[in-house]
Amino acid sequence: MTVKLAPTSASETVHSATLCPSSRNSMEGAGAGGGSGSASPEPQEAPAPAVEFHEDEEIIEVLELNDAEPDPDDLASDMEDVDFADEPEAGEMADEEWETEDEGVEEGAEPHDDSELTFSKHTASVFCVSLDPKESILAVTGGEDDKAYVWRICDGETLFECTGHKDSVTCACFSHDSSMVATGDMGGLLKAWKVQGGEEIWSFEVGDLEWLEWHPGAPVLLAGTADGNTWMWKIPSGECKTFQGSNCPVTCGQFLPDGKKAVVGYEDGSVRIWDLKQGSTVHVVKGSDGHNGPLTCVSSNADGSLVLTGSVDCDTKMVNTATGKVVGVFRTESNVSKASKREEGEAETNSVESVGFCNVLPLAAVGYLDGTLAIYDISTQTLRHRCQHESGIVRLLWEDNSPVVYTCSLDGAVRLWDSRSGKMISEYCGHTAEILDFALNKEATTVVTASGDHKAKVFCVQQPDR
């Protein structure tokens, strides 16, 4: 006996009927024993087996099975007459699958999460994150909800909220000795706070903020704004200097390791190296030596003798900071092709998003929006490895004492790569949206991420054989 079920509601489609165990056993016994047992001289019609139904199901047709064991051809013929109500089209099968006893992962279930802790106080995208450099026990995060928090990475406990911002907090970072935190929002409101006690000790308002960074060894802040100025303040006194460059936004910049100079990139494709004490430019890289589009990132090597600059023109240039000369240009074949399309006026979606030098080998890493991580040999200026991601790379960081480079990308994962082989070492997942920033402690044991899913996560990085 076969029972066919139909939904009581036209909006619901039942693809298969799942009988209760007692009903299934009854039916299996009838099929298995149909051709065996002693025949009665006067066979009596057996009562129909009891069938239990869910409250939203009803019998719409009963098919009788012969006592004799069925022939496969007969069964195939019978199946042609079975009408599956509201059978979905092939394209609809992905949306509504057959009901089975083993459903697998339920819809809406949380994805695999490799993190040790999730910080969930933000109510919108988390744009930036920084770890305290002294002990790596505190993190500061800023987000689209106009808020910044200082919190412990061991248990997610909030030490204090950096209040008063009225626009998305896009910059948040610790001072070199972890005694202060600076926060900045898109509207240009900057604040500094004492970590001990969470007291606000300084505030200043500039034009639209592009970036913000602490000095590597002093209580000094450096920032770039959309009006073309680079600003420098002593904290908490507020003593200020400004460095006027091109009449266009200052898109990226950083202190050089000696703390006496800074490298700054501009929207017009130029690069300036500033003497911070004198307030004057030491070198200007522009024109054919500069980039053909806005700069997106800059990074120096450990001693500050070389600087990498990246741009939306998909080129990475290496500049000697002593002479101001471009001593290397890195580009992949795919970048050349896309650059030519850009020159012809076609839509261009690729760009250099992050750059960095390896401290232990003569290597440089470049992360592209198309998902390419390129490892270049500095001495020969050749491409050594191309490591492909499924989504665009947002940021990369090298370990201080090994040839391992970390990437975070728009697919929500952090990956570790061995620059010697070009192979991925490990991958850490858990976010349900893109990672917008991440931080790595000096010991390379902890990664903290900021994501568009309104969360920050702490990952414990397993130490592979270095």
Side-chain angles (χ1 to χ4, degrees), residues 110 113-186 189-203 209 212-214 219 221 235-236 394-395 397 406 408 412-414 428-461:
E110 289 295 320
D113 190 351
D114 298 312
S115 68
E116 299 295 320
L117 182 142
T118 299
F119 182 79
S120 304
K121 278 214 168 183
H122 288 281
T123 58
S125 294
V126 187
F127 288 142
C128 54
V129 62
S130 174
L131 276 170
D132 85 272
K134 189 174 181 181
E135 297 182 358
S136 296
I137 59 175
L138 301 178
V140 57
T141 50
E144 192 179 13
D145 54 4
D146 306 347
K147 295 181 182 298
Y149 297 97
V150 176
W151 49 279
R152 287 199 302 256
I153 65 172
C154 63
D155 57 9
E157 183 70 23
T158 301
L159 268 66
F160 62 92
E161 178 184 343
C162 304
T163 57
H165 288 288
K166 294 180 172 58
D167 206 341
S168 298
V169 178
T170 54
C171 301
C173 46
F174 285 93
S175 61
H176 73 285
D177 59 0
S178 300
S179 65
M180 292 180 285
V181 161
T183 56
D185 64 39
M186 290 183 67
L189 179 60
L190 309 177
K191 291 176 177 287
W193 315 76
K194 276 188 178 180
V195 171
Q196 186 69 35
E199 175 192 358
E200 180 182 326
I201 57 174
W202 174 81
S203 181
L209 181 67
L212 177 69
E213 180 176 293
W214 282 100
L221 277 172
I235 307 297
V394 176
R395 190 177 185 190
L397 292 171
Y406 294 58
C408 70
V414 174
Y428 296 89
C429 302
H431 285 291
T432 57
E434 67 278 4
I435 296 178
L436 300 173
D437 193 15
F438 81 109
L440 173 68
N441 68 341
K442 287 186 177 180
E443 295 76 22
T445 58
T446 304
V447 167
V448 184
T449 54
S451 171
D453 63 8
H454 308 178
K455 294 176 174 59
K457 286 181 177 289
V458 179
F459 296 88
C460 289
V461 181

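Each residue takes its place number in the sequence, starting with 1.
Pairing each heavy atom of Val461 with each of Ala444, the nearest pair is CB-O, 4.0 Å. Smallest separation of non-hydrogen atoms from Asp146 and Ser168: OD1-N, 3.1 Å. Heavy-atom minimum distance, His431 versus Ser451: ND1-CB, 3.2 Å. Residues Met180 and Pro219 approach most closely at CE-CB, 3.6 Å, considering heavy atoms. Of all the heavy atoms in Ala172 and Cys128, the pair that sits closest is N-SG, 3.6 Å. Residues Val129 and Phe438 share a closest heavy-atom pair of CG1-CA, 3.7 Å.
With values rounded to the nearest 0.5 angstrom, Glu144 atom CD is found 11.0 Å from Thr170 atom OG1. Atom CZ of Phe119 and atom NE2 of His454 lie 14.0 Å apart (nearest 0.5 Å). Here OG of Ser203 is found 4.5 Å from CG of Leu189. Values are rounded to the nearest 0.5 Å. In this structure, the separation between NZ on Lys147 and OG1 on Thr183 is 12.5 Å, given to the nearest 0.5 Å. Separating the CG atom in Leu117 from the CZ atom in Arg152 is a distance of 11.0 Å, to the nearest 0.5 Å. Going from atom CG of Leu212 over to atom SG of Cys171 covers 5.0 Å, rounded to the nearest 0.5 Å.
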(request) Show your reasoning for whether side-chain contact (heavy atoms from CB on, under 4.5 Å) applies to Glu443 and Ser136. (result) CA-CA 9 Å; Glu443 295 76 22; Ser136 296; 4.2 Å; yes
(request) Please test Leu221 against Trp202 for side-chain contact (heavy atoms from CB on, under 4.5 Å), starting from the C-alpha separation and ending with a verdict. (result) CA-CA 11 Å; Leu221 277 172; Trp202 174 81; 3.8 Å; yes
(request) Let me see the working for Val140 and Trp193 under side-chain contact (heavy atoms from CB on, under 4.5 Å), right down to the final yes or no. (result) CA-CA 11 Å; Val140 57; Trp193 315 76; over 6 Å; no
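A heavy-atom distance below 4.5 Å is not found between the side chains of Cys154 and Ile137. Contact check for Val458 versus Ser115: no side-chain heavy atoms found under the 4.5 Å cut-off. Contact of the Ile153 side chain with the Leu131 side chain is registered, since non-hydrogen atoms from C-beta on lie closer than 4.5 Å. Proximity of Val394 to Glu434: side-chain heavy atoms (C-beta onward) are nowhere separated by under 4.5 Å.
In terms of modelled atom types and a separation under 3.5 Å, the side chain of Asp132 and the main chain of Leu138 share a donor-acceptor contact. The main-chain N or O of Asp185 is never found under 3.5 Å from a side-chain atom of Asp167 such that the two would form a donor-acceptor pair. Judged by distance alone, with hydrogens and angles left aside, the side-chain atoms of Thr449 form no donor-acceptor pair with the main-chain N or O of Ile435 at under 3.5 Å. Side chain of Thr446 to backbone of Cys460: no donor-acceptor contact under 3.5 angstrom is found.
Salt bridge present: Asp437 and Arg395 bring a charged side-chain N and a carboxylate O closer than 4.0 Å.
Between Tyr149 and His122, the ring planes lie perpendicular to each other; the angle is over 60°, past the 30° to 60° tilted range.
For the 3.5 Å distance criterion, the side chains of Lys455 and Ser120 fail to qualify, holding no donor opposite an acceptor.
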